[in-house]
Amino acid sequence: MRPFTYTRAATPAEAIGSAARIIAGGTNLLDLMKHQVETPDRLCDVNHVGLDRVERDGDGLRIGALVRNSDLAADDAVRTDWPLLSRAILAGASGQIRNRATTGGNLMQRTRCYYFYDIDAPCNKREPGSGCAAIGGRTRLHAILGASDQCIATYPGDMAVALSALDATVEVEGPEGRREIAATAFHRLPGTTPERDTELRPGEMILSVRLPAPLGGRQIYRKVRDRRSYAFALVSVAAAVGMKDGRMETVRLAFGSVAAKPWRAIEAEAMLAGQAPSADLFDRAADVVLAGAQGYGDNDFKIPLLRRTMRAVLAEATQETM
Amino acid sequence: MEISLTVNGAQHRLRLDDPRVTLLDALRQHLGLTGTKKGCDHGQCGACTVMLDGRRMNACLSLAVMHDGDAITTIEGIGTAEALAPMQAAFIRHDGFQCGYCTPGQIVSATAMLDELRQGWPSQMSADLTAPQFTDDEIRERMSGNLCRCSCYPNIVDAIRDAAEAPA
């Protein structure tokens, strides 16, 4: 690790507007600092600022930025009314990591692109303008949607995929005040500025994540990966489907580890809503999701994998119960 | 800088010359508690598992300075050679190790994991998120943050099941 100075904030106000890098659980940031991928001069520890409660917010829920992943997944209201969120969190990391990782920190985790982690390799995300070693390199974990000729990294998290499907918002505060960012718009596609993962501005801090009223219906988070547990997704699917009279009434669909952000499939949702489920319809909806999909060699398999996983999840979500 | 750390019930004052010292290095190098092991040092293997206020965590992925005022439990606080904890006795009974390097982390992790299960925390193996069952699949899933390079996993699962069923 490179040297840094450390301060502990007692209130959010002490962290907001600071030029110091915010550290919460530290499970990703410290790992990156050990690899010298991240080299902050100053760390501001926000573990003691509060913001650690899950509270009712009208029909919805307000989740403090410092709520640990374990606590959020085990929260009674989340388990009962937003099970997709519990499922997504529990699909990620290990028990030890979930006990430390926070809601805000989970959103801020960085890509696991091998070349981003290798400080001897060119990487436009780590060092803008240096090039991209992933393009033409090993790409098993990489994007098939929304990539650019500057960067093909994926956002690796699970929780944010569920938050996108659930239409959550991220409440942030900076020197210029508070604002809310839709979870679907919080992470960015790389374009020509892959060094910016999110819409968070310098000096801003995440205060909370807000969930709107429960969706009901059947909620499924399916994560396909190289190991059954404690591995990042190759493709994940978050789905919430409410049925009425044999037709899909509400449909929410988001995909993980296929782009630099959770990939919400609004067009496919609109195509499915109001229709009776069928394999043919699911296939045509997958065509819509995959329009413009591009493989980079090793990850070509993700295109059929996304299609098949989406079909399987929709079939399960729309199955009549016996 | 100086921090206060309660480890296994004993309070310590530690002088750190650099905030880069991890909790793991503070335990091993500053306090001489070498039961907690350094495996990968990147939060992947679980050899450094300790408890913070009874909850398991990777000591390698946290800075000591972030734990000023905290209470930590290490393997030395779980049991001793003279007075083994039920989980330690179960690992011996079931031969839940070969080289033994990952064992302290396995035992601390398993001890805290059983507590999580008793509190009803779900896992991705729980068919019903509100009522997790105690099964071997649940044990395996919940222990996925602890690797055993000797691959003693079947015996580790047996040991944990046995310790869970033993009277506390």
Side-chain angles (χ1 to χ4, degrees), chain A residues 1-8 23-35 42-43 45-48 68 70-76 78-101 117 158 219 221-223 227-231, chain B residues 1 3 16 18-23 40-46 48-70 105 108-110 112-113 115-117 119-126 128-132 137 140-147:
Chain A
M1 272 186 268
R2 297 286 179 82
F4 55 84
T5 59
Y6 169 90
T7 53
R8 181 185 279 197
I23 186 164
T27 53
N28 186 217
L29 180 57
L30 281 172
D31 186 38
L32 290 164
M33 287 168 65
K34 289 181 180 194
H35 285 289
R42 294 162 61 191
L43 282 187
D45 178 356
V46 294
N47 282 290
H48 300 269
R68 310 282 162 183
S70 295
D71 290 312
L72 186 53
D75 181 87
D76 285 337
V78 174
R79 274 195 269 190
T80 308
D81 291 335
W82 293 272
L84 185 63
L85 181 55
S86 280
R87 290 278 176 208
I89 292 169
L90 295 169
S94 65
Q96 287 97 319
I97 302 242
R98 289 192 297 271
N99 279 345
R100 294 304 297 157
Y117 263 80
D158 297 295
Q219 304 190 2
Y221 189 77
R222 178 78 48 85
K223 182 174 179 179
R227 287 191 305 264
R228 178 67 178 272
S229 185
Y230 204 14
Chain B
M1 66 196 70
I3 66 164
L16 303 172
D18 195 303
R20 284 178 290 183
V21 177
T22 61
L23 176 61
C40 68
D41 208 25
H42 288 279
Q44 297 177 4
C45 76
C48 68
T49 303
V50 299
M51 292 183 214
L52 164 64
D53 295 327
R55 289 189 172 196
R56 56 185 170 155
M57 62 175 283
N58 301 113
C60 75
L61 281 189
S62 213
L63 298 171
V65 71
M66 293 166 73
H67 295 286
D68 185 18
D70 284 348
V108 174
S109 183
M113 179 277 283
D115 199 43
E116 294 168 1
L117 201 46
Q119 291 175 52
W121 285 15
S123 86
Q124 66 162 343
M125 294 309 298
S126 312
D128 179 351
L129 284 175
T130 61
D137 277 348
R140 280 189 280 267
E141 161 57 24
R142 289 164 191 260
M143 291 297 292
S144 73
N146 290 86
L147 304 187

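Protein chains get the first letters and strands the later ones, always in sequence-line order, with residue 1 at the start of each.
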Checklist outcome for this item: The interface call for A/Ala101 against chain B, heavy-atom contacts under 4.5 Å, is neither
Checklist entry - Checking A/Ala91 against chain B: side chain, backbone, both or neither under 4.5 Å from a heavy atom? => result both
Item to check | Proximity breakdown for A/Arg79 and chain B, heavy-atom pairs closer than 4.5 Å | outcome: both
Next on the checklist: Using a 4.5 angstrom heavy-atom cutoff, name the option from A/Asn28, A/Thr5, A/Asp71 with the most pairs to chain B.
Outcome noted: A/Asp71
Checklist entry - Who wins among A/Asp31, A/Ile23, A/Thr80, A/Leu29 for the most heavy-atom pairs under 4.5 Å with chain B? => result A/Asp31
Item to check | Contacting moiety of B/Ser123, where chain A heavy atoms sit under 4.5 Å | outcome: backbone
Item to check | Taking every non-hydrogen atom, the tightest pair across B/Gly120 and B/Pro132 | outcome: O-CG, 3.4 Å
Item to check | Engaged part of A/Leu43 at the chain B interface, taking heavy atoms whose separation is under 4.5 Å | outcome: side chain
Checklist entry - Where do B/Gly46 and A/Gln96 come nearest, in terms of heavy atoms and distance? => result CA-NE2, 4.3 Å
Checklist entry - If you round to the nearest 0.5 Å, how far is CE of B/Met66 from OG1 of B/Thr22? => result 11.5 Å
Checklist entry - For B/Pro122 and A/Leu90, which heavy atoms make the closest approach, and how far apart are they? => result O-CD2, 3.4 Å
Checklist entry - A/Gly95, A/Pro3, A/Ala93, A/Gly25: which one forms the most heavy-atom pairs within less than 4.5 Å of chain B? => result A/Pro3
Checklist entry - Most heavy-atom pairs under 4.5 angstrom with chain B, which of A/Ser94, A/Gly26, A/Ser229, A/Ala74? => result A/Ser229
Item to check | Part of B/Leu63 within contact of chain A (heavy atom distance under 4.5 Å) | outcome: both
Next on the checklist: Heavy-atom pairs under 4.5 Å with chain A - which of B/Asp18, B/Leu61, B/Asp68 has more of them than the others?
Outcome noted: B/Leu61
Checklist entry - Measuring heavy-atom distances to chain B, does A/Arg227 have an atom under 4.5 Å in its side chain, in its backbone, in both, or in neither? => result neither
Checklist entry - About how many Å separate CD1 of A/Ile97 and OG of B/Ser144, when rounded to the nearest 0.5 Å? => result 10.0 Å
Checklist entry - Using 30° and 60° as the class limits, which term best fits the ring planes of A/Tyr117 and A/His35: parallel, tilted or perpendicular? => result perpendicular
Item to check | Closest heavy-atom pair and its distance - B/Leu16, B/Val65 | outcome: CD1-N, 4.1 Å
Checklist outcome for this item: The interface call for A/Tyr221 against chain B, heavy-atom contacts under 4.5 Å, is neither
Item to check | Segment of B/Asn58 engaging chain A (4.5 angstrom heavy-atom cut-off) | outcome: both
Next on the checklist: Can you give me the closest heavy-atom contact between A/Lys34 and A/Met1, atom names plus distance?
Outcome noted: N-CG, 3.8 Å
Checklist entry - In terms of heavy-atom proximity below 4.5 Å to chain A, should B/Met51 be classed as side chain, backbone, both, or neither? => result neither
